[in-house]
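Accompanying notes for the structure given below.
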Amino acid sequence: MNKYSVLIVDDSEADRYLLKRDLKGIKNITHVHEASNGKEALDFLTNHENNSKQYPNKFPPLFIFFDINMPVIDGFGFLKGFDEIKDGYENYDSIIFIMFTTSQLQQEIDLALSYEFVKEYLIKGDIDKTTLKERLSKYH
Amino acid sequence: MVHNLLKVHMLDQIPTTVEFINLLIKEAPAAIAILDKNMRYLAYSDRWLTDYAISKTSIVGESHYDYFPDLRPEWIEEHQKALQGETIEARDQKFERLDNSEIWMRRKYMPWRDTDNNIAGIVIFNEVTTAHMQLLETLETLKKTNQELNDSKTLQNLILENFPDYIFIKDSDFKIVMANRNFINIYPPEKRDYVIGYTTFEEYETEEVDLFLEMDKKALMEGYSEIIEHIISPDGVRRTLFTKKIRFENNRNEAYILGIAIDVTERETLIKTLKDQNEELAAFSYRASHDLKGPLVSMQRLASYIYEDLNEGEIEEAKENILKIQKQSENLVQLVADILDLTKATLKDVVFEKVNITAIIENLLDKYDMLIKDNDVEIRFDKDMYVLSEATRITQILENLIINGVNYADVAKTQRFVSISLEQKKNSYQLLIEDNGIGIPAEAGEDIYKLFTRYNTLADGTGIGMAIVKKHVDKLDGKIGYTSSEQGTLFKLIIPGKIGEVL
């Protein structure tokens with residue numbers, strides 16, 4: 001069974017905690033990294049050398065859960081930023097982005113899904129442990 | 001004797017021959033007839049024959065009643081009265097002829113006497129005054145019509161001069177032939193004499209002229225055109241006009257265009273403002289409910305986990321999650337309060353009063369005592385700072401800007417401060433709030449006043465604070481700007497009004 005890490009990008013500490021807890025049931029997850037906004041997330045992803053050493057075979061994360069409304073760099077800024085740097089790193093095109101938000105604005109959903117690496121869109125509060133596990137199992 | 005009949009001055013200068021008398025009678029420019037006691041013609045003027053369409057060369061000796069068989073009985077009576085010595089005069093009388101046409105006549109019957117001073121007959125002086133009378137009638141009608149026309153013209157001028165917008169008339173060559181005062185006044189003074197009689201197209205941009213011509217032509221061809229046009233008038237003012245053009249003809253069938261243009265600039269501006277405000281409101285509603293939903297959903301899920309944890313004896317975990325719920329609800333309360341403040345800032349009208357800025361700052365020092373001490377920031381300000389303004393608005397402006405300065409203080413700097421100073425300008429006062437904090441990122445620009453925009457994670461913000469500041473400044477008719485770098489930030493507010501207690 002393939003083990004992997006995930007990254008949660010959300011400015012709400014409570015929401016990161018809740019998602020983390022929901023992911024506890026999935027045995028394949030070795031690490032849950034956290035970032036409180038798009039900038040921190042991009043810094044984490046571009047810090048390739050150090051992180052590869054620190055998390056051998058578990059970096060980059062397989063799944064990245066991201067929210068939209070965050071300060072400094074928001075969800076869309078994060079997607080755009082990632083789109084620009086991903087080709088510079090090995091394996092980055094296999095990272096699966098999952099939008100995780102309270103927003104149900106169709107424009108926002110469409111914009112996020114227009115990036116080919118954004119594969120899923122989940123609504124906070126509508127997802128529980130079991131559904132989460134099911135959704136992720138499609139990809140590994 | 002001739003001189004009984006004719007009373008003429010200088011009679012003795014005139015020849016009294018029969019030939020001369022005959023000449024006078026014959027050539028008289030009226031219908032005159034001299035008759036005997038039996039109403040038989042003795043002499044008459046040429047006009048007598050022509051006026052009564054008598055085609056005989058001579059009617060001497062014939063009876064007057066042969067030529068006027070249907071004479072009115074009253075007239076025959078009048079003849080007899082005249083034969084008795086009376087002079088009968090009938091002023092202009094109207095009669096209807098047999099062919100229904102009308103005729104006006106003046107008649108005079110006078111007796112004439114022979115050498116023995118006996119009445120020997122009468123003289124009839126008739127004048128057909130139809131043309132004259134009809135002219136008089138026409139004149140009366142014309143006078144009346146003229147009066148009505150003048151009244152009409154007066155009314156027209158009253159309407160044109162008091163019409164709040166623009167009325168003009170163009171001919172089929174698109175030259176202006178008439179324009180009301182308002183229309184003429186949109187041209188600069190030196191050009192006003194070149195409006196009537198000209199197209200004035202040179203005063204406008206080509207695209208505008210093309211549209212004028214299009215509407216003119218449409219009116220000429222189809223009879224009517226209307227359009228809402230946005231133009232820059234020759235006086236430099238931008239106007240939005242609803243312009244109607246109507247074709248009409250004068251009594252020589254020449255085509256003209258009547259133009260009526262109503263200024264709807266204000267209305268259009270109002271419509272746009274309303275649309276913009278509605279969009280702003282819709283966007284705000286969406287964001288606000290979204291931002292409310294987030295913490296509420298988290299709180300729900302945390303609560304269910306707390307329940308789980310308590311069941312499984314995970315007390316520590318539960319305690320931590322309860323603290324998380326408390327934090328989320330604090331955020332919610334703050335968000336709702338900020339939304340309320342923003343709504344109040346937008347809605348309330350400004351009422352001026354004496355505002356003690358020094359006292360406001362001292363209150364803030366009290367309220368945020370712990371935060372200021374934790375961040376170790378010195379608040380610098382003067383005593384006795386007063387302005388004439390609105391206390392609530394000034395308070396919220398200061399609170400947001402000062403506490404932002406405290407929250408974004410730079411730990412790397414040893415002497416951290418936020419300073420507030422007040423300076424009177426000409427007709428306004430200037431409020432400066434300066435700090436040596438971490439600064440606002442250069443890319444931010446004017447976006448910092450946008451709702452729900454946050455540039456820093458250091459402080460928990462709802463992203464509404466700066467929008468509230470901007471709304472208050474706008475309502476006070478003021479301006480706000482800032483400069484920022486890593487050295488710190490300076491906010492400059494210029495608000496109309498005076499410092500001090502007196503207006």
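Below, read A as the first sequence line, B as the second, and so on, with proteins coming before strands; counting in each chain starts at 1.
- With a 4.5 Å cut-off on non-hydrogen atoms, Asp22(A) touches chain B through its backbone and its side chain both.
- At most 12 non-hydrogen atoms from other residues, nucleotides or ligands lie less than 6.0 angstrom from NZ of Lys20(A).
- Within a 6.0 Å sphere centred on NZ of Lys39(A), heavy atoms belonging to other residues, nucleotides or ligands number 12 at most.
- Contact annotation for Gln328(B): only side-chain heavy atoms (C-beta onward) come within less than 4.5 Å of a heavy atom of chain A.
- Residues passing the ring-ring contact (aromatic ring centres under 6.0 Å, His included) test with Tyr4(A) are Phe63(A), His140(A), sequence neighbours excluded.
- For Leu105(A), the parts sitting under 4.5 Å from any heavy atom of chain B are the backbone and the side chain alike.
- Counting non-hydrogen atoms of other residues, nucleotides and ligands closer than 6.0 Å to OH of Tyr139(A) gives a total above 12.
- The CG atom of Leu18(A) sits 8.0 Å away from atom NZ of Lys324(B), with the distance rounded to the nearest 0.5 Å.
- The nearest pair of heavy atoms linking Ala14(A) to Leu302(B) is CB-CD1, 4.0 Å.
- Taking CG from Asp128(A) and OG from Ser304(B), the interatomic distance works out to 10.0 Å, rounded to the nearest 0.5 Å.
- In this structure, chain B has no heavy atom under 4.5 Å from any part of Leu19(A).
- Taking each heavy atom of Val297(B) and Gly125(A) in turn, the nearest pair found is CG1-CA, 3.6 Å.
- More than 12 heavy-atom neighbours from other residues, nucleotides or ligands sit within 6.0 angstrom of CD on Glu312(B).
- Ile123(A) contributes atom CD1, which lies 6.0 Å from atom NZ of Lys293(B) (distance to the nearest 0.5 angstrom).
- Taking both residues in full, the closest heavy atoms of Arg21(A) and Asn321(B) are given as NH1-ND2, 3.7 Å, listed atom of the first, atom of the second, then distance.
- Shown here is Glu486(B), whose CD atom has no more than 12 heavy atoms of other residues, nucleotides or ligands within 6.0 Å.
- More than 12 heavy atoms of other residues, nucleotides or ligands lie within 6.0 Å of NZ in Lys129(A), so this atom counts as buried by the packing criterion.
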